[in-house]
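Here's the structure we're looking at; comments come further down.
Numbering starts at 1 and runs along the sequence shown.
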Amino acid sequence: MTGTPRTLAEELRTRTDSGLVGLLRARPDLLNPVPGDVTQLATRAGTRASVVRAVERLDRFVLQTAEALAVAPDPCPYDTLGALMAGDTGDPAVAAELPRAVAELRAQALVWGPDDRLRLVRTARELLSPSATHPSPTGLGPTVAEAMAGMSPGRLQEIIAAAGLPTTHDPVTAVAALSGLFADRSRMAALLDTAPAESVAVLDKLLWGPPYGGVTDRPAPHLQWLLDRGLLIAAGARNVVLPREAALHLRGGRAHRTPEPVPPALAPATERDPQLVDNAAASQAFTALATVEELLKEWDLGGPAVLRAGGMSVRDLKRTAAALDTTEQLAAFWLELAYAAGLIASDGEADERFGATPAAEEWLQLPDHERWAALAAGWLAATRAPGVVGTADAKGRALAALGPHLDRSPAPEVRRRALSLLATLPPGTSVPAAAVRSRLRWERPLRSGATAGQAPAPAVGRTPSAAAVVDGAAGPAGPAGSAPDPVDDLRSRLAQWTLTEAELLGVTGRGALSAHGRALIDATSHTTADPTPADTGAAATRAAALLAPLLPEPVDHVLLQADLTAVAPGPLHRPLADALGVLADIESKGGATVYRFTPSSVRRALDAGRSASELQEFLTTHSRTPVPQPLAYLIDDVARKHGRLRIGAATAYVRCDDDALLSEILADRRAATLRLRRIAPTVLAAQTAPDQLLDGLRAMGYAPAAESAAGDVLIARADIHRTPPRTAPVPVPDGPPSPDPTLLSAAVRAIRAGDLAATAERKPVHAPAPAPGALPRTTSAETLATMQAAVLTHSALWIGYVNADGAASQRVIAPVRVEGGFVTAYDHTSDEVRTYPLHRITGVAELADDSV
């Protein structure tokens, strides 16, 4: 194709295959379904939904360039665009970055045409152009022609006469003359030199937007001076507007108050020893593992109930936070972290409760660095945002931990990008969180203010209802398009949560990215495609290999002390930690964990099936110090009492060989609530459930044991409650997935082939030419004869084809064989050899010799 393209489709047709691949990769929504030809691709690229998605992914300077094109003449020469971006005085940084911005808009099919005729796609212009109800982020108002539309010819002539221009014979030339005056720097400066100081102050109020102002029925003289010369134009009964040409003169030709051609710097930077950072991150990673492990143990016998609307109650969240010795917000993070890794879930029973999954058992048996890899991979890919727990949803209801509506689809992309920014710094270097948030807002200024599931407004600004009062004492209104509070927008909050959670998880240490943190994101930060779960898992495995040498080695012993405590000088081996956790209660944590032995903890070990001699042998084997006498006495004393009382189900009963002990229980006033009565010398019956009877007697200081119907002691296991097999929650995608190279290549081939079928030149036929887009029509005899001739001449044909489902399509084929009512041909549209029934071919036409 030669000459200047007249449409976006014509320009796309001139692009190389790599250019089309770049467009489809940047805007994957164009691929669903694959366009039939270039015209369909261009049409789809101009739809509002697709343009909004493309615009919201532009960085701030590219977006500013698009906004400038929206207020520029259409088409706009490159020099005019440069003047709008840099102003009359110029800006070297803007001039250096503007080619990149235009190239980016071109690559995404938002701008087309040569440099002397740049055109913004119509839908993008409608989104970004200023109007009375949809102000532009530039703060500019309508043009003189737009603002004066509908004004009487007499009033137009009065305005241009007051502005010092000769009168004209029609409104069109009058508007053109006034526009030319405002665009002429010298003549406009001369006109403003004659303006009263109060008039100039009014223009300063409206200069950077909003361009609308309110006036009274009788404007003051300085306002009337502006109205008489068209520097302010009536925009309703009590509103006026500053025309675009006048505002641009007052701004020095700039469309934006502050162009931002380069991203904010990641500063100030704080440098630390990389080894110190890695050690701090490893220490926190170990703490994270211990916290999740403690959470799983807390739910060994069953977790909290699931609310009817889903999630945990506030009371259960507080109880979990107390058990983990942390705040409710951090408890929500640990819960969501375990949930994302598939370690906890609801059991799905009628009385639905949360609990550990079977996968948690497998996770607990893994080495520490592999357990951390599972948590890190789940966190990085999760779309659930624990930070929103406790906030209100759209209906004013508080969002519950582990409940629905916590998904925020941009979360994975924000996490990867925030960590990637830290990876650009030298090892051991950290920057304030505000610097990271500022960079992310520059990279996605529109998405920063959007909430999940909502399309952001491409042009943010003020409406006329927020206009400055220019005929009174009110001060100037703020600039149009001012950014939202950085603390309140979603993307900034996700970035802040990412940095906090990365520190808790041990991905960062003291604010700097650790070596294993770099490995975690290296596989996903150098590609434009979204990482697959396999990519994230492989990166987490490599990160875990770097973390392994930094984690403390588990120890196989404790130090017993005379005050009924045991000190673990480091992390214990899993079997030892599990056994000691049953025999003693954890009193404090830190570099060394302190366990305390109590009668109830020893009884818990006896209930689990251990005997006194086994407990004594266990402590002797795993203690580097002798078993203190008080601890040995405690174990023997509890064991001597344990099991003398036996409780079973009658409704419930108490059985004991020592009838004096039963008499003692009956005489105790505290047993009144248990409603006991003797039915035999060694048996008491109770009108309460066995578990309640068990707890009641233990509260009185006895050590009863539950027994089965056969009279055997029931052994209480700590791991009896697990949910059925559950998978980790599936992340909610943020738009269509990034296409892989194979799909992109196939899509481009299909588009090219479809375009060939739709645009190839046909040889004239005797039958009437089909209408544009219609299938060719020939008789069966003509179709067969043309097919046979094409086999002999090895030429290509244009056919209309209707498949078995009744779907019609146009195709370009090269027939190879015609026999048995079928034609075998190479199909240029699908790039493969196919066989077509002749009776499904509606018609055929030969292509011009140079069409293929």
Side-chain angles (χ1 to χ4, degrees), residues 68 71-77 79-81 83-84 87-89 116-117 129-132 136 138-207 209 211-213 215-255 470-471:
V71 298
D74 186 31
C76 176
D79 292 341
T80 301
L81 175 62
L84 283 171
D88 296 341
T89 58
D116 60 339
R117 295 178 63 83
S129 294
S131 68
S136 166
T138 61
L140 292 170
T143 63
V144 171
E146 293 168 345
M148 289 186 167
M151 186 177 288
S152 68
R155 178 57 180 159
L156 280 174
Q157 298 301 323
E158 291 175 0
I159 289 176
I160 65 171
L165 298 173
T167 57
T168 64
H169 298 289
D170 61 272
V172 175
T173 54
V175 169
L178 191 62
S179 299
L181 169 64
F182 291 168
D184 189 313
R185 293 287 189 265
S186 58
R187 289 194 296 158
M188 184 64 169
L191 176 63
L192 290 174
D193 286 343
T194 64
E198 296 89 345
S199 301
V200 175
V202 169
L203 295 179
D204 288 340
K205 283 185 178 183
L206 305 178
L207 180 57
Y212 293 90
V215 295
T216 61
D217 292 335
R218 293 186 177 182
H222 65 279
L223 289 176
Q224 193 62 52
W225 190 94
L226 296 171
L227 290 167
D228 289 343
R229 289 156 181 78
L231 291 170
L232 288 181
I233 300 174
R238 293 176 176 271
N239 284 327
V240 293
V241 64
L242 176 64
R244 188 181 306 170
E245 294 87 347
L248 285 173
H249 170 83
L250 295 169
R251 295 180 177 194
R254 282 185 295 155
V470 297
D471 196 13

Next item on the list: Return the minimal non-hydrogen interatomic distance between Ala163 and Leu191, and the atom names on each side.
Entry: O-CD1, 4.3 Å

Checklist line | Carboxylate-amine/guanidinium contact Asp88 Arg254, below 4.0 Å | finding: no

Note to self: Could you report the tightest heavy-atom contact between Gly230 and Pro243, atom names first, then the distance?
What the structure shows: O-CG, 3.5 Å

Check: Which residues pass the side chain to side chain donor-acceptor pair (under 3.5 Å) test with Glu158, sequence neighbours left out?
Finding: Arg155

Note to self: Within the structure provided, determine whether Pro130 and Val71 are in side-chain contact (heavy-atom separation under 4.5 Å).
What the structure shows: yes

Next item on the list: Kindly indicate whether the side chain of Leu226, heavy atoms from C-beta on, has any atom under 4.5 Å from the side chain of Val240.
Entry: no

Check: Can you name the nearest heavy-atom pair linking Thr138 to Ala255, along with the distance?
Finding: CB-O, 3.3 Å

Note to self: Quick one about Thr168 and Asp170 (side-chain donor to acceptor, distance below 3.5 Å, no hydrogens or angles considered), yes or no?
What the structure shows: no

Next item on the list: First locate atom NE2 of His169, then atom CD of Gln157, and finally report the distance between them rounded to the nearest 0.5 Å.
Entry: 9.0 Å

Checklist line | Check: Leu248 and Leu84 side chains under 4.5 Å, non-hydrogen atoms | finding: yes

Margin query: Is there a side-chain contact between Leu203 and Leu192 in this structure, where contact means two heavy atoms from C-beta onward sitting under 4.5 Å apart?
Written below: yes

Item checked: Non-hydrogen atoms of Ala234 and Leu227 that approach each other most closely -> N-CD2, 4.4 Å

Margin query: Pair Asp217, Arg238 - check side chain to side chain contact (heavy atoms under 4.5 Å, CB included), show working.
Written below: CA-CA 7 Å; Asp217 292 335; Arg238 293 176 176 271; 3.0 Å; yes

Next item on the list: Can you measure from CZ (Arg229) to CG (Leu178) and round to the nearest 0.5 angstrom?
Entry: 11.5 Å

Next item on the list: Might you work through the side chain to side chain contact (heavy atoms under 4.5 Å, CB included) test for Ile233 and Ile159, ending with a clear yes or no?
Entry: CA-CA 10 Å; Ile233 300 174; Ile159 289 176; 6.0 Å; no

Checklist line | Contact check, side chains of Leu165 and Arg187, non-hydrogen atoms, under 4.5 Å | finding: yes

Notebook entry, point to check: Just by modelled atom types, is the His222 backbone N or O under 3.5 Å from a matching donor or acceptor in the Ser199 side chain?
Noted result: yes

Checklist line | Taking every non-hydrogen atom, the tightest pair across Ala161 and Thr167 | finding: CB-CG2, 4.4 Å

Checklist line | Gap separating the CG atom of Leu223 from the OG1 atom of Thr216, nearest 0.5 angstrom | finding: 7.5 Å

Check: Could you give the distance from CG (Leu206) to CG (Leu231), rounded to the nearest 0.5 Å?
Finding: 11.5 Å

Check: Say you draw a straight line from CG of Leu242 to CZ of Arg244; how long is it, rounded to the nearest 0.5 Å?
Finding: 11.0 Å

Check: Which residues pass the salt bridge (charged side-chain N to carboxylate O under 4.0 Å, His left out) test with Glu245, sequence neighbours left out?
Finding: none

Notebook entry, point to check: Can you name the residues that form a side chain to side chain donor-acceptor pair (under 3.5 Å) with Asp116, not counting sequence neighbours?
Noted result: none

Notebook entry, point to check: Is the closest side-chain heavy-atom distance between Asp204 and Val200 below 4.5 Å?
Noted result: yes

Note to self: Ignoring hydrogens, what is the shortest heavy-atom contact between Ser179 and Val144? Give both atom names and the distance.
What the structure shows: OG-CB, 3.5 Å

